[in-house]
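Reckoned from all heavy atoms, side chains included, excluding hydrogens, waters and symmetry mates. If you're wondering where the values come from, they're calculated on a predicted model, not measured in any experiment. Letters A, B, ... are given to chains in the order of the sequence lines, protein chains preceding strands, and every chain is numbered from 1.
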Protein chains: 2
Amino acid sequence: MLIEIDFNSSEALYMQLRNQIILGIARDMLRDGDSLPSVRQLASELGVNMHTVNKAYALLRQDGYVKLDRRNGAVISVSLENRSYQVESIHSDMEMIVAQAICKDISLNEMQKLVQDMYDAFSARQTSIDIIVEEKE
Amino acid sequence: MLIEIDFNSSEALYMQLRNQIILGIARDMLRDGDSLPSVRQLASELGVNMHTVNKAYALLRQDGYVKLDRRNGAVISVSLENRSYQVESIHSDMEMIVAQAICKDISLNEMQKLVQDMYDAFSARQTSIDIIVEEKE
DNA sequence: CCTTTGTTATATTCATGCTATAACAAAGGA
DNA sequence: TCCTTTGTTATAGCATGAATATAACAAAGG
């Protein structure tokens, strides 16, 4: 799967990394049991520090997307245990998006179509085996 | 209308302020032509620095929610000029939310119901005249 | 005149992001 | 047994951004 890092973005590198992994899971390019590169390996390929990758992995574990152990490295494992916390986070994020949409005269139908199109797009994804690293300029 | 500021939140104060104003507009508590408190007055009531409020106001102007002039202060004025930029921002934000939702087994129907409920909630709001300031602990 | 408005400038303090280097225990392979 | 690799932790340094503190300015209005 593809990991894109934009060094010119104002978004933190570890946050970009976390988001890319979550997108990969949603697109079914990363499945339960799949291994992620080790923190040192991925850091080396991306050209960032080890701790930056480690921070992303620790965040993904905290939010229930991967499990980390010393022998297998980081392994995809989506947990539904603390789902209520995740759902609450999604709610508040969605509230701000809907508020902006209403202000900018985006109708309910437009928004629901947007959500549906995104669900379709995520479901229609292909699968790739290797993790390819790509950096934006 | 009510402005809540959480000093313990990890979210920047000026960003919280910006979001609260946008929520106020979406709830129809703030309408086109309504005046916001001056940067100094609101800063004084909230107990924050003048520049923090000024930063939020400048951001709101940049995103087309208010107009600022020297005589009337900040006035609500939702612009649909640079809408394409706003829509693009909404799209990328929504993409991450949907990705997380798919990972956490939230169905398309659940998400669309969530969007609809939020549209309903925003439309069913009452109106208040004064701007009341409230700080979280 | 005087006040208030947004705006700009400078400086300081503090938190965060990122890097650099190092070391540790645990597991697996040769 | 030795070596490598794994995640993890610790410490330090640097850069950036957030927030504050003062100060000053032009423009508008009473």
Measure the distance from [atom1] on [X] to [atom2] on [N] and round it to the nearest whole Å.
X      : N       : atom1 : atom2 : answer
L68(B) : dA28(D) : CG    : P     : 15 Å
F7(B)  : dT20(D) : CZ    : C1'   : 12 Å
L13(B) : dA21(D) : CG    : P     : 12 Å
D69(B) : dG29(D) : CG    : C1'   : 12 Å

Expected output: side-chain Q112(B) to main-chain Q112(A) donor-acceptor under 3.5 Å: yes
Side chain S123(B), main chain Y119(B), donor-acceptor under 3.5 Å: yes
Canonical and wobble pairing (Watson-Crick, G-U, under 3.5 Å) of DNA chain D, dot-bracket with |: ||||||||||||||||||||||||||||||
Chi angles and distances behind the side-chain contact (heavy atoms from CB on, under 4.5 Å) call for V75(B), S35(B): CA-CA 4 Å; V75(B) 179; S35(B) 288; 4.1 Å; yes
Short side-chain N/O contact from K55(B) to OP1 or OP2 of dA19(D), under 4.0 Å: no
Sugar-phosphate only, base, or nothing, as touched by A58(A) at under 4.0 Å among non-hydrogen atoms: nothing
Sugar-phosphate only, base, or nothing, as touched by N54(B) at under 4.0 Å among non-hydrogen atoms: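 N54(B): base contact, heavy atoms under 4.0 Å.
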Derivation and outcome, side-chain contact (heavy atoms from CB on, under 4.5 Å), residues I76(A) and R31(A): CA-CA 6 Å; I76(A) 303 292; R31(A) 302 173 183 174; over 6 Å; no
Range on DNA chain C touched by chain B, heavy atoms, distance below 4.0 Å: dT5(C) to dA9(C)
Atom CD of E88(A) with >12 non-hydrogen neighbours under 6.0 angstrom: no
E81(A), CD atom: more than 12 neighbouring heavy atoms under 6.0 Å: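 Open: at most 12 neighbouring heavy atoms sit under 6.0 Å from CD of E81(A).
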Comparing M50(A) and N49(B) on DNA chain D - which has the more 5′ nearest nucleotide: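 In this pair, the answer is M50(A).
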Residue met sooner reading DNA chain C from 5', once H51(A) and Y14(A) are mapped to nucleotides: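 Per heavy-atom nearest nucleotide, the more 5' residue is Y14(A).
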Interatomic spacing from OG in S9(A) to CE in M15(A) - rounded to 0.5 Å: 11.5 Å
L17(A) side chain reached by Y57(A) side chain, heavy atoms, under 4.5 Å: no
Could you go through residues 95-109 of chain B and list every donor-acceptor pair under 3.5 Å that involves a side-chain atom there, pairing it with any protein atom two or more places apart or in another chain?
unit_1, atom_1, unit_2, atom_2, d
K104(B), NZ, D63(A), O, 2.9
K104(B), NZ, G64(A), O, 3.1
K104(B), NZ, S79(A), O, 2.8
S107(B), OG, E110(B), N, 3.1
S107(B), OG, E110(B), OE2, 3.4

